[in-house]
2 protein chains.
Amino acid sequence: MTNQTVGRPGLPADPRADVAEPSTSCPVEITLDALRGRWTTLIVRELLRHDHSFSELRQALPALSDKVLADRLAHLVRSQVVDRQREPGWPPRTRYTLTPHGRALGPVLQALWDWGSETPQPPARAATS
Amino acid sequence: MTNQTVGRPGLPADPRADVAEPSTSCPVEITLDALRGRWTTLIVRELLRHDHSFSELRQALPALSDKVLADRLAHLVRSQVVDRQREPGWPPRTRYTLTPHGRALGPVLQALWDWGSETPQPPARAATS
DNA sequence: CTGAATCCCTGCCGATACTG
DNA sequence: CAGTATCGGCAGGGATTCAG
C-alpha cells in the first residue's frame, strides 16, 4: 500500500484519482461501466442468487426484451462479471454464472444499496414539471 | 424468517430487492441515478476534496463545458448530494459543497474504486474489432 | 433455445450564444 | 461570475424479425 486510507474516505491517493476528464482507466469508471445500462444490476442480482439460463433470466425479468438481455449479458461477459457456458447437445442451453470477480460485486451493490436507502426524499428526477 | 442478511452479501432481504423491472424506488438505482452521467463522479471527487465555486470547478475540469457542469450540479443538488450557497453581493459567487449525505458517497466511491482496481484486463469496451 | 440484425425513437452530450 | 436557451450529433434502449 503506497498510501491512502489516511482520512481520505473514498479518495485514494492513486494518480488515477487525479484525472481531469472521464477516462476508461479510472477504476471508478470501470465499475460504473460494468454496471452501466438499464437492467444490468437486476441481471447481476439474479445471478447473485443462482445461475440462470437465458430463458430463466427472461422469466425472472419478464419486461426485458431478448435483444437487451443478450446485449447486457455480452457486456457483462466483456466486463468479466459473467461467465457464459454453452452446454453441447440439444436443445441448446447456455448457463450464465458470475465469475469470482463478478461475485465480488456483492459489496459494491451493498454500498450502492446502503446509500440509496438513506436518501431521504424520493428522487425528483424530472424536477417539478 | 423468510430471509435474512446472513451470507447474502449485497443482497438485502428488503422487498425492494425483488423488483422485476428497473424502479426508481430501488436504492441501488437511486444511487446509480445520483452518479449518472459523464463527469458526475469527477465533480463529486473535486467536492470531496474541498468546496468549489463554479469557475473553480471549471478550472479543475477544463474539458467540461458550462452547460454540462450546470446540468450535473443541478442534478446533484436534486439528488441531495450537493448544497448550493449563493453569496450575495458582487461579483456573484456560488459555493458548492457536499451535503452530509453527499459526503457519505465516499465509501460508495471507494467500493467502486476497489472493484475497478481489481479488474484484471483493460475494459474491452468495443470488443476486439 | 439462444441469440444476431434491423429499424426507430428517445435522451444524453457538447458547442455556441445569450441573460442576470 | 454564474448560469440558461437552443440546436445538432450520437449512442442507448426497445420491438420486431430472422438465423444457428
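We name chains A, B, ... by the order of the sequence lines, and we start the count at 1 in each one.
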Open item on the list: So if I take every side-chain heavy atom of R93(A) and compare against dT2(C), dG3(D), dA2(D), which nucleotide ends up nearest?
Closed with: dT2(C)
TODO: Could you work out which one of dT4(D), dA2(D), dT2(C) sits closest to the side chain of A70(B)?
DONE: dT4(D)
TODO: Round to a whole Å and report the spacing from CG of D51(A) to C1' of dT2(C).
DONE: 17 Å
Open item on the list: Can you list everything that forms a side-chain contact (heavy atoms from CB on, under 4.5 Å) with P27(A)? Sequence neighbours excluded, please.
Closed with: R16(A), W113(B), S117(B)
Open item on the list: Can you see if the side chain of S55(A) gets near the phosphate of dT2(C) - specifically, an N or O under 4.0 Å from OP1 or OP2?
Closed with: yes
Task: Residue met sooner reading DNA chain C from 5', once A74(A) and P91(A) are mapped to nucleotides - done: P91(A)
- [ ] Identify, with sequence neighbours excluded, every residue that meets salt bridge (charged side-chain N to carboxylate O under 4.0 Å, His left out) alongside D71(B).
- [x] none
Open item on the list: Using whole Å, what does the distance between atom C1' of nucleotide dC1(C) and atom CD of Q85(A) come to?
Closed with: 17 Å
- [ ] May I have the distance from L69(B) (atom CG) to dC1(D) (atom P), rounded to whole angstrom?
- [x] 14 Å
- [ ] Round to a whole Å and report the spacing from CG of D33(A) to P of dA11(D).
- [x] 15 Å
- [ ] Sugar-phosphate atoms are those with a prime plus P, OP1 and OP2; base atoms are the rest. Using that split, label each nucleotide of nucleotides 13-20 of chain D B, S or - for protein heavy atoms under 4.0 Å, 5' to 3'.
- [x] BBB----B
Task: Results of salt bridge (charged side-chain N to carboxylate O under 4.0 Å, His left out) for E56(A) - residues two or more places apart only - done: R93(A)
Open item on the list: In whole Å, I'd like the distance from the CD atom of Q59(B) to the C1' atom of dC1(D).
Closed with: 12 Å
Task: For atom CG of L76(B) and atom P of dG3(D), their distance in whole Å - done: 13 Å
Task: Value in whole Å for how far the P atom of dC1(C) lies from NE2 of H52(A) - done: 16 Å
TODO: Sequence neighbours left out, what passes side-chain contact (heavy atoms from CB on, under 4.5 Å) with Q59(B)? Give chain and number order.
DONE: none
Task: Residues R49(B), D18(A): salt bridge by 4.0 Å N-O rule - done: yes
TODO: Check whether any side-chain nitrogen or oxygen of T94(B) sits under 4.0 Å from OP1 or OP2 of dC1(D), and answer yes or no.
DONE: no
TODO: For L73(B) and dA2(D), give me the distance from atom CG to atom P, rounded to whole Å.
DONE: 11 Å
Open item on the list: Does R84(A) reach a base, just sugar-phosphate, or nothing at all? Heavy atoms under 4.0 Å.
Closed with: sugar-phosphate
- [ ] Could you label the plane-to-plane angle of the F54(A) and Y96(A) rings as parallel, tilted or perpendicular, counting under 30° as parallel and over 60° as perpendicular?
- [x] tilted
- [ ] Identify, with sequence neighbours excluded, every residue that meets salt bridge (charged side-chain N to carboxylate O under 4.0 Å, His left out) alongside R95(A).
- [x] D51(A)
